[in-house]
Amino acid sequence: MDTIVRKARRRGAPGRAAPVTPVADPRPAPAAGGRVTAPTDAPNRPGAASPDAPSAAQPRLHRDAHPAFPPVPVRPTQVGIVHLGIGAFHRAHQAVVTEDAARATGETRWGILGVTQRSAAVRDQLRPQGGVYTVLTVGPDGASPRVVGSVTDVAWPAEETPRVLAALAAPTTHVVTLTVTEKGYARRADGHLDVDAVAGDLDTLLREEAATSSPGAGATNALLPDDATGEATGAVAATSAVGLLVRGLAARRRAGGAPLTVLSCDNLADNGHVLARLVGEAVDAALPGAEGDALRDWLAASVTFPCSMVDRIVPATTPAQRDEVESLLGARDEGLVVAEPFLQWVIEDRFAGPRPAWERGGATLTSDVAPYERAKLRLLNGAHSYLAYAGSLAGCATIAEAVADPALAAGARALQADALATLDAPDGVDLGAYAETLLDRFANPATGHTTRQVAMDGTQKIPFRWGATLADLLDAHPGAPAPRGVVAALAAWAGYVVAETRAARAVDDPRGDELRAVVENAPDDVAAVRALVLLPGLLPGVPEGRLREIADAVVVASATSSSTTTTTNEETTP
Ligand SMILES: NC(=O)c1ccc[n+]([C@@H]2O[C@H](COP(=O)([O-])OP(=O)(O)OC[C@H]3O[C@@H](n4cnc5c(N)ncnc54)[C@H](O)[C@@H]3O)[C@@H](O)[C@H]2O)c1
Ligand SMILES: O=P(O)(O)OC[C@@H](O)[C@@H](O)[C@H](O)[C@H](O)CO
């Protein structure tokens, strides 16, 4: 614990930055004096250890025996929200706002069933705890813990698909939220659904629909039908997020068709529209003819896909952080998440049915999310990704180390300057000041956000974070030279990919094999950099005729910064 607190103080991390639009942050402020807040009654509750007690034999955190830190976690009476992709971010963001809204209104019907797609880890962390977990907020003045109760349970589709489908179909569920990462949307480089990646789920969907629509299917369970062979198709494990969602939507229609809102909370531009299109493409692929009409009609009439912009820096939790927090809590919390103080959620107010009063928990409901989303993706996430690649090449293990390097901070500002020229400010917002506060947030060392984590999945992020800025600039100023900030960022990414490949390390990216092949097949690093920039789908919207010129400019920038010959932080980190 002390380590987290000391780090926050030593590096002079900034306070809460001004959001794109000011919202009241409902979270408890970090304790004054840089100490973690332990309420005075905490050590007195049964079985609780003092904050200084050794951590070895602490009991597991549980809903019925949580530490006595205020506020008391809410205790939902039913599931109203199904969340696909319950990683660290959802737990520190939407689940917290949902709990604050529930506390403000007294409503208990907005419990969250979390769904974890790729492994059972989060289920195994939270189920033994009755769903509760700690959010440790770490800022310049210290760290403050809070136990959150809005998640009722977590399910893993590999073993529990019928349960998830039943929850998606239940009329008491009104909202599905998603944070399944950019690659979780299973898009091809051209942005359309990668049907092959979800083929298994689409095949099951076809069988489920056929089993319930065929003559004589009257006795079939509409929710989890047996197909013609008698197999319970609903028990077939879903293997993709989009496939699970579409099967759940189809089950909901068959089970009565109560309206539903599907709310993407991932860092994708236009996330709601993107998801709606992918769902439509999945239905068309599985049920291309008249057999899909009932589902298509119901989706159009009863399901909405609002856009949202989400913001809070929430890195992956480390085992050391769990150990440090254990003695503070007097309990072992395997579901701990660590986050910065800042939190923002802007939601398009386009719901198909009831929703939690999220505005009472600090969210902003608006008719148009686009200006917020664009500003955040290009200024925050754009600079973040640049610092991840350039920082990694410079041997920085964390984003905080990278932004502390004046040359890298200047690079981030140059990229932000390019982005600022493309943005319309949301009402009453000074985007220049916003951009500067972002660098202060990145400088918070206490979250320990690593350059490697932010560097993941570059081919999925660069199109929104840098590509959109580049396309808009070239469109607005056709004769202007290639923008300096974007070019330097692309040089950093290409340099990172080349350096990783030359060091025989796989680049953590769904197109990692393709990236490796590009580098290995290139005669030299210069050719590799050029080929990487020309990768299909990386810079959508940039006219074909200008792509080569951009690639040439990136090659020149790479040579100037010698980025491809620099070691990455893997070699400098023990
Ligand atoms: N962490 C942050 O600071 C932050 C901030 C804003 C937005 N977000 C958004 O939230 C997303 C998740 O972040 P996180 O910190 O929770 O990550 P995480 O790694 O902790 O969790 C990711 C979740 O997505 C699921 N997932 C991963 N790959 C998938 C795939 N191919 N198909 C289906 N599901 C998949 C995992 O099972 C897990 O449940 C980010 O990618 C981003 O879009 C994160
Ligand atoms: O979460 P990702 O992988 O989309 O991106 C990594 C970071 O840029 C991102 O998580 C930011 O910290 C976040 O978007 C801040 O709100």
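Counting starts at 1 for both ligands and their atoms, following the listed order.
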task: May I have all residue pairs that pass salt bridge (Lys or Arg N to Asp or Glu O under 4.0 Å) and include part of residues 377-398, sequence neighbours excluded?
output: R378-D472

query: To the nearest 0.1 Å, how far is atom 33 (C) of ligand 1 from its closest protein heavy atom, and which atom is that?
result: Q117 CG, 3.4 Å

- prompt: H449: heavy atom below 4.0 Å from ligand 2, yes or no?
  reply: yes

- prompt: Can R465 be said to touch ligand 2, with heavy atoms closer than 4.0 Å?
  reply: yes

- line: One finds that the ligand 2 atoms under 4.0 Å from a non-hydrogen atom of K376 are 13 (C), 14 (O), 15 (C), 16 (O)

message: Need the ligand 1 atom indices (1-based, order shown) with element for anything under 4.0 Å from a heavy-atom of V180.
response: 24 (O), 26 (N), 27 (C), 28 (N), 29 (C), 34 (N), 35 (C)

- prompt: Which ligand 1 atoms, with their elements, are less than 4.0 angstrom from a heavy-atom of V314?
  reply: 1 (N), 2 (C), 3 (O), 15 (O)

Subset of ligand 2 atoms that lie under 4.0 Å from at least one heavy atom of E182: 2 (P), 4 (O)

- request: Output every pair passing ring-ring contact (aromatic ring centres under 6.0 Å, His included) with a member in residues 303-324, not counting sequence neighbours, ordered by first then second residue.
  value: none

Proximity of H93 to ligand 1 by residue part, where a heavy atom lies under 4.0 Å: neither

task: Please identify which atoms of ligand 2 are closer than 4.0 Å to at least one heavy atom of K461.
output: 2 (P), 3 (O), 4 (O), 5 (O), 6 (C)

query: Which of parallel (below 30°), tilted (30 to 60°) and perpendicular (above 60°) describes H90 and H83?
result: parallel

message: Please determine whether the number of non-hydrogen atoms from other residues, nucleotides or ligands lying under 6.0 Å from atom CZ of R374 exceeds 12.
response: no

field: Atoms in ligand 1 flagged as close to I313, the criterion being non-hydrogen separation under 4.0 Å
entry: 3 (O)

task: Please could you name the atoms of ligand 2 that D311 approaches to less than 4.0 Å, counting only its heavy atoms?
output: 15 (C), 16 (O)

task: Could you check if a side-chain atom of T181 sits within less than 4.5 angstrom of a side-chain atom of M456, using non-hydrogen atoms only?
output: no

task: Using protein heavy atoms only, decide if any is under 4.0 Å from atom 37 (O) of ligand 1.
output: yes

message: Going by a strict under-4.0 Å cutoff (protein heavy atoms only), does atom 17 (O) of ligand 1 have a neighbour on the protein?
response: no

- prompt: For atom 1 (O) of ligand 2, what is the nearest protein heavy atom, given as residue, atom name and distance?
  reply: N267 ND2, 3.7 Å

Heteroatom proximity flag, D266 to ligand 1, N/O under 3.5 Å: yes

task: Ignoring angles and geometry beyond distance, decide whether E182 reaches within less than 3.5 Å of ligand 1 through its nitrogen or oxygen atoms.
output: yes

- prompt: Are K376 and Q344 side-chain neighbours, meaning at least one heavy-atom pair lies under 4.5 Å?
  reply: no

